[in-house]
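The structure appears below as structure tokens.
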Amino acid sequence: MGGERRSPPRSPLHLGPWQVNMQYDHKRIEQEWRDRWKAEKTYHVENDPSKPKYYVLDMFPYPSGAGLHVGHPLGYIASDIVARYKRHSGFNVLHPMGYDSFGLPAEQYAIQTGQHPAKTTEINLARYREQLDRIGFSFDWDREVRTSDPNYYKWTQWIFLQLFDSWYDTAQDKARPIAELIARFEERGCKGQDASVLTGDIEEFVGEFDAAEWKAFDERTKQLVLQYFRLAYLSDAWVNWCPALGTVLANDEVKDGVSERGGHPVERKKMRQWSMRITAYAQRLLNGLDDLDWSTSLKESQRNWIGRSEGALVRFALTPNPSPKERGGMPSDPQADSEGKRNSATERPAYLTADFKSASELQQFARDNRKEPTEAEDRLWQVIRGSATGGRIRRQHAIDKYIVDFVSLPKQLVIEVDGDIHEHQEDEDSGRTHMLQELGFEVIRFTNQEVMADAIAVRESIIVALSKRPDFNTTRHSPLSSGEGQGVREIEVFTTRPDTLFGVSFLTLAPEHELVSILTTDERRAEVEAYVKTASNRSERDRQAEVDKVSGVFTGSYAKHPFTGADVPIWVGDYVLAGYGTGAVMAVPGGDQRDWRFAKHFGLPIIAVTEGADIEKEADERKDATICSEGFLKGLKVPEAITRAIQELEKLNAGEGRINFRLRDAAFGRQRYWGEPIPVYYKDDIPYAVKEEHLPLILPEVDKFLPTEDGEPPLARATDWHYSPLVGRGAGGEGHYPLETTTMPGWAGSSWYFLRYMDPKNEGRFASPEAIKYWGQVDLYMGGSEHATGHLLYFRFWTKFLHDRGWLPFDEPAKKLVNQGMIQGVSQSVGVAYVSLDHMVTKENRGMRIPLREGGYFEFMNSHKFLRYNEEGVPIAQTVLMEADAKLLRDFEGMNRLYAQEINVPVQVVVDGTLNVVDYMKSLEGQKHEDAVFVSEAGVWHEGKFTPFAGAEPLGVRTKPVVEKMSKSKLNVVNPDEIISKYGADTLRLYEMFLGPLEQSKPWDTNGIEGTFRFLRKFWNLFRISGDPNAPSSTDAPVASTHRVDLKVDLDETEPTKPEFKALHATLKKVTEDIEHMSFNTSVSQFMIAVNELGSLKCHKRHVLEPLTIALAPFAPHIAEELWHLLGHKTSVTLAPWPKFDEKHLVEDNFSYPISFNGKTRMVLELPASLTKEEVEAIVLANPEVQQRLEGNSPKKVIVVPKRIVNIVV
RNA sequence: ACGGACGUGGCGGAAUGGUAGACGCGCUGGUCUUAGGAACCAGUACUGCAAGGUGUGGGGGUUCGAGUCCCCCCGUCCGUACCA
């Protein structure tokens, strides 16, 4: 194998056996140095506190099976240059690499092939590593981490447990151990502020209780209450369910209604689900952005994703008439869990993200409406609440005109507890039961005595009854209303413009809003239900596509305006999103264009709210307008009016200032196999943490990677998926409890990996405090902008959390972040048409004609020569490929029964814009267009034969280049391995950097690479290297042996001349500055300039070439290392100190002054650089050419900027 | 629609408010070669025979001086997308 690497350079100069001029042989050099670096652990990094540290990190790659294309290493090369540069500059540099090796693609592949994902992942990693190794990165592979390694995910699980064991204390504004919350409950219970649950997607909230009540709760109830506070929590939440992938996805994993990976449709589904309370950190995630050195676009993306908006929550009281109380419903219990549909992350005051009633309001409510729940009801509630029955039971829920005791909505099962009242009202009860059955509900009844005697037995009966019911899971269609245990009193809306309150002419509810059915009057019910049904049947995509269509319907009900007391009609409209704010808006057609369009469409009143608005034409959304509404806001500017309106609302207890976030809590459980097991077991259906000493909880073996027949996640297939706190994981039995069967999402492992690199082998902690203190934050984080709202948000969230709990001294992971741009591919496209049979053989018997570029036609005659036949010998449609020339295509499209389009052909079979037909045909063997007819300007190809038009030479089909994303499916992928074997890794590295600014997207053009390759060869030749090409190469010797001795340099040891020094130091200066500014394309240019200059100066001096070699080392490490050793050094160039540039070599005696007249440069005068302004002016004006240009006029003004320019104003 | 980035030769792209087009590709001509898809030399924004003139998406402004700063418009790309 060494022999092959030693193969002679492409054009050896046959000067004789000895002292041959040795040409740059990248294959030999690169292989040799890669081996030696590995053997000598050149890039090994110690945690060495005596040296300043620098942490350069690349975003965690997920190695798919597809392998790298030339776009992938771009960021790695840039970060490697910085890492190497910092090392030369005296820093101890941490520049690690590892793999995000859990994930969906490997699992999908496993399902398809039956192979264990660990195995296919291993293969992918090996291939990825091999490709990385070829590029010459300075990674310390001893620090490699893999998220799927139990030694790694042990700590991912540990962090999960920390989150499970924490709650967010809004007073201290940080996460605290849950024990502190328990202590607080024991001391003062849960009241007011404390009772506020903080979350986006959670739909329940904790009632108030005092210390005594807390202590009286049984263990189960306590645990259920704590669920509402934990940062990792289990709840019934609306999730993005992807049926094709069989799992839940986080919001950032869904794009345009389909999964980001694979593009499968995603639907909204309500599921019991692990979530992460990232919403608690919304404000801090926002604030933290200000101090980060990240690109503005990335910070903007995060700001938009978090979506903070300030405004007010306004309560519109409902007019009495249609309220359920008056319609015969029973009064309700405000202390029971109030659902109040919180999809929003509405907060108050700072970080509270759930909606909740203010204490005063609750009390008032309680006074008005309190219904003492019977003891039996309460008893039963304690045992069936939450998820005790396997699904959620709601209490005191309004159905049609009744309020039932308990109901399971998905199962449409009503549970009634009959006390004395019912016994006296049997007639009425049977009517009620009948009515509920009409509505599709089953009703089961228990007596007070039954419940009091054995509530658990009653629960079991309920569970049995539930299990017999089909799963309706159609909450939004059910004729249900306001939520658990609460009569409808008001509608809450969120608005950013409370100053426009006087312009409210109607309210609009989202079709999914829970008040819709209860507010709908009987005469409007049919219409409203039809509308809601249509709206809900439309997919997210349809809805998005039809944003300009106005639709809606009136419910028949009215609300009261908080200021004027006027009746405000309540409408339903699908322009209101259920998921944002409260799912209801106050419509101000005069101030909001969406409301305006709705009002215009339905003829609703449009009230002017601002001065100077032309409300007939459009709404006035200006934020600097003056309010014109009569009343206390009149004459105020918008910002002042907002403040004033909020004050007035608060006075009336009709609303208050609010901050609303768009950010939702993140779904954390995946119904998949290939991920970290969530270290939780269930006792009595309550999740408990697996003990730390039992971590890692190893991913179990399963027979198949598919869900079970009951739809349980794959982990449920494992036979040993039980846990005992005493002995750990086991097969079950006494004292063993079932373990959680969902696994963590891909982002779990990547949210903290930067910490593990600091101390990757630590068995006692995720990383030692010393290592964390030393390495600290990432100094440079390099990666793609596609992670803006996913990884980078979770990454920051976990860091802040670990900081809160005292594990980290900093609360942001990466100070500086750079997004490398994409390298785009250049696709080559041709036209394709499918010519139908009847067109070919009929058409007035003329056969098929193809119009040609220069006019005229090529005719497929009636010979059927080009027809394709199927097995029965019947001719079928023929594929025709032709030049992707617009005219040609157009002509095809215009012809009957033809279908024409453009397709890409592999870039490998295109040379200089011409498709090599023969190669292409070969690549298509057995595929779609295998027997296509190719029509080019010169003739027609068919079955490998060329039929020329008169006099034409055989020619391929001309292709059209299109710049687009580089991807396998677009057939435009350029593989780095091919580039490396032809030009070497150093050339690849230089060229990728040379292509353009790092952060910009730019197309890859392999043709341009020759320039950088030539540069390296020229640089090599400056060293005048000679040797014996037949001498044994050190590549045949053990890798650790000393460097080969058969090459030598012929350098000039004398002191460099001034121009030589200048060429060197100008380069050192520019390159140093450019690396600091990450402007690598210009540093490569500068190296080229230097080499060109030194070449024309015929400079072969050690004192010039040696520093230049060090400066080149970060960019082209292999050649630099080789030359460094040829210069006589015994240690790696990596250890050489960075050469300092000296300004004195750049000082010129003379300066060529551009002389401009009125700013336009007309001539250049070389003058001594030491001259003062006045001297320059005098000399310039005395110059005859200047005089000639002045034509005797004296200049109005002369501007002299020393060593820069002279400008003469005439 | 909103937010962000950007707009310079045939192409990728240079240019602290100071000679626009560095460097590279491509192209043209030449040298050397059996040959060139090797190497080297020269040229290459546009226009004009030339002197010269014109040029950084368009228009306006600030300045002695604008690719660069400010305002308006046009266009491209990337996010987000009825967010109240």
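Side-chain contact annotation: A/Thr279 with A/Asp665, donor-acceptor N/O pair under 3.5 Å present. Looking only at atom types and distance, the side chain of A/Gln824 has no donor-acceptor partner in the side chain of A/Ser1001 under 3.5 Å away.
The partner of B/C69 is B/G61, by the rule that a Watson-Crick or G-U pair needs both atom distances under 3.5 Å. In this structure, B/G43 forms a base pair with B/C27, meeting either the Watson-Crick or the G-U wobble geometry with both donor-acceptor distances under 3.5 Å. Pair check for B/A1 finds B/U80; Watson-Crick or G-U wobble, both atom distances under 3.5 Å. Base pairing of B/A35: no nucleotide in any strand meets the Watson-Crick or G-U wobble criterion (both distances under 3.5 Å). With a 3.5 Å ceiling on both atom-pair distances, B/G55 lacks any Watson-Crick or G-U wobble partner. Searching all strands for a Watson-Crick or G-U wobble partner of B/C6 with both distances below 3.5 Å returns B/G75.
Using bins of under 30°, 30° to 60° and over 60° for the plane-to-plane angle, the ring pair A/Phe316/A/His561 lands in the perpendicular bin.
Look at NZ on A/Lys1002: it is 15 Å from C1' on B/C78, rounded to the nearest Å.
Base orientation at B/G9 is syn, since its O4'-C1' glycosidic dihedral falls within 90° of 0.
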Under 4.0 Å protein heavy-atom contacts per nucleotide of nucleotides 19-24 of chain B, with B for base, S for backbone only and - for none: BS-BBS
Reading 5' to 3' through nucleotides 66-71 of chain B, protein heavy-atom contacts under 4.0 Å coded B for base, S for sugar-phosphate only, - for none: ------
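Residue A/Ser1001 is classed as a sugar-phosphate contact, given heavy-atom separations below 4.0 Å to backbone atoms only.
Taking the charged nitrogens against the carboxylate oxygens, A/Glu992 and A/Lys1002 have no contact shorter than 4.0 Å, which rules out a salt bridge.
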side-chain contact (heavy atoms from CB on, under 4.5 Å) evaluation trace for A/Arg1014 with A/Val1091: CA-CA 11 Å; A/Arg1014 267 197 279 272; A/Val1091 164; over 6 Å; no
